Visitor: 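If you scroll down you'll find the structure; I have some questions about it.
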Amino acid sequence: MVRVMTTTPIALAVLGSGNGTNFQALADAIGAGRLDARIVCVLSNVENAFILERARRLNIPAEYVSPAPFKTKLDGVAEQQTLDRLRHYGAELIALAGFMMIIKPRLLKAFAGRIVNIHPSLLPAFPGLEAWKQALAGGIKITGCTVHYVDAGTDTGPIILQRTVQVLESDTAESLHARIQEQEHLAYPAAVQQVIAKIRGQARGG
Ligand code: GAR
């Protein structure tokens, strides 16, 4: 007798503040069968962020959650509302995709080991804002992107996957960020799939 193993795709929530190209890469990878997940919601702290529009076009629930009372950290009322929405949609894993707020301990604890982020540098180099500009200013020759687990620091959690990008003499901030983003769109689905495989392994007691 042939036994067919079926598993329900992991319920993935995506949090973003901007354009949402990394969210799009995750959604495309799911469509192409490269990522064993379903995106249950997209949440944004920016009301008119294009990531929300991208999600709506794909019929994925997309919600603005006001960041108040803080601008750069997800805390207080905003943290509670985010947690409520994540629970409402049954999220099992969270992918930050250009989400420009610091995650605080309550959310980290509620989703321990289940929050990942993509950052546009080879961490631990150039954490923080506009890492590609930091790389140009630093005169380095190789940069890239990093997918990592989120911890209480800023861009400091354990690294899952990195991809490199060469810095060219002719690079502007825009051209370098564009090439980093090409690598991000490959790295993020692959890294999230690695995390899902690990979660499934743990569930099987491995
Ligand atoms: C990406 O380059 C991502 O690495 C960066 O924001 C951009 C979002 O693009 N994130 C950070 O800098 C976080 N520290 P997207 O909205 O098109 O995915």
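Note that the numbering runs from 1 along the sequence shown for the chain. Just so you know, ligand 1 is whichever comes first in the structure, and atom 1 is the first atom listed for that ligand. All figures in this text were calculated on a predicted structure; none of them were measured in a lab.
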Visitor: For L108 and D151, which heavy atoms make the closest approach, and how far apart are they?
Guide: CD1-C, 3.7 Å

Visitor: Tell me the closest heavy-atom pair linking V77 and P69, and the distance in Å.
Guide: N-CD, 4.0 Å

Visitor: Using heavy atoms and a threshold below 4.0 Å, how should the contact between I180 and ligand 1 be classified: side chain, backbone, both, or neither?
Guide: neither

Visitor: Please find the pair of heavy atoms, one from Q183 and one from T164, that lie closest to each other, and give the distance.
Guide: CG-O, 4.0 Å

Visitor: To the nearest 0.1 Å, how far is atom 14 (N) of ligand 1 from its closest protein heavy atom, and which atom is that?
Guide: H119 ND1, 3.1 Å

Visitor: Report the residue from K73, R106, K104 that forms a side chain to side chain donor-acceptor pair (under 3.5 Å) with E79.
Guide: R106

Visitor: Distance under 4.0 Å to a non-hydrogen atom of D155: what atoms of ligand 1 satisfy this?
Guide: 14 (N)

Visitor: Does ligand 1 come near enough to T21 that some N or O of the ligand is less than 3.5 Å from an N or O of the residue?
Guide: yes

Visitor: Please write down residue, atom name and distance for the protein heavy atom closest to atom 6 (O) of ligand 1.
Guide: M100 CE, 3.6 Å

Visitor: Nearest heavy-atom pair of L26 and V192: which atoms, and what distance?
Guide: CD2-CG2, 4.0 Å

Visitor: Out of C145, G98, G20, who is nearest to atom 16 (O) of ligand 1 when you count heavy atoms only?
Guide: G20

Visitor: Nearest to atom 12 (O) of ligand 1, what protein heavy atom do you find, and at what distance?
Guide: P120 CD, 3.3 Å

Visitor: Would you name the heavy atoms of L122 and R163 that are closest together and state the gap between them?
Guide: CD2-O, 3.6 Å

Visitor: If the test is side-chain contact (heavy atoms from CB on, under 4.5 Å), which one of H185, E184, Q162 qualifies with C145?
Guide: E184

Visitor: Checking a contact table here: which protein heavy atom is nearest atom 4 (O) of ligand 1, and how many Å away?
Guide: E184 OE2, 2.4 Å

Visitor: What do you reckon, does H177 have a nitrogen or oxygen under 3.5 Å from a nitrogen or oxygen of ligand 1?
Guide: yes

Visitor: Looking only at protein heavy atoms, identify the closest one to atom 9 (O) of ligand 1 and say how far it is in Å.
Guide: Q181 NE2, 3.2 Å

Visitor: For residues V167 and R179, report the shortest heavy-atom separation together with the two atoms involved.
Guide: CA-NH2, 4.2 Å

Visitor: Does the residue I118 have a heavy-atom contact with ligand 1, meaning some pair of atoms that are separated by less than 4.0 Å?
Guide: yes

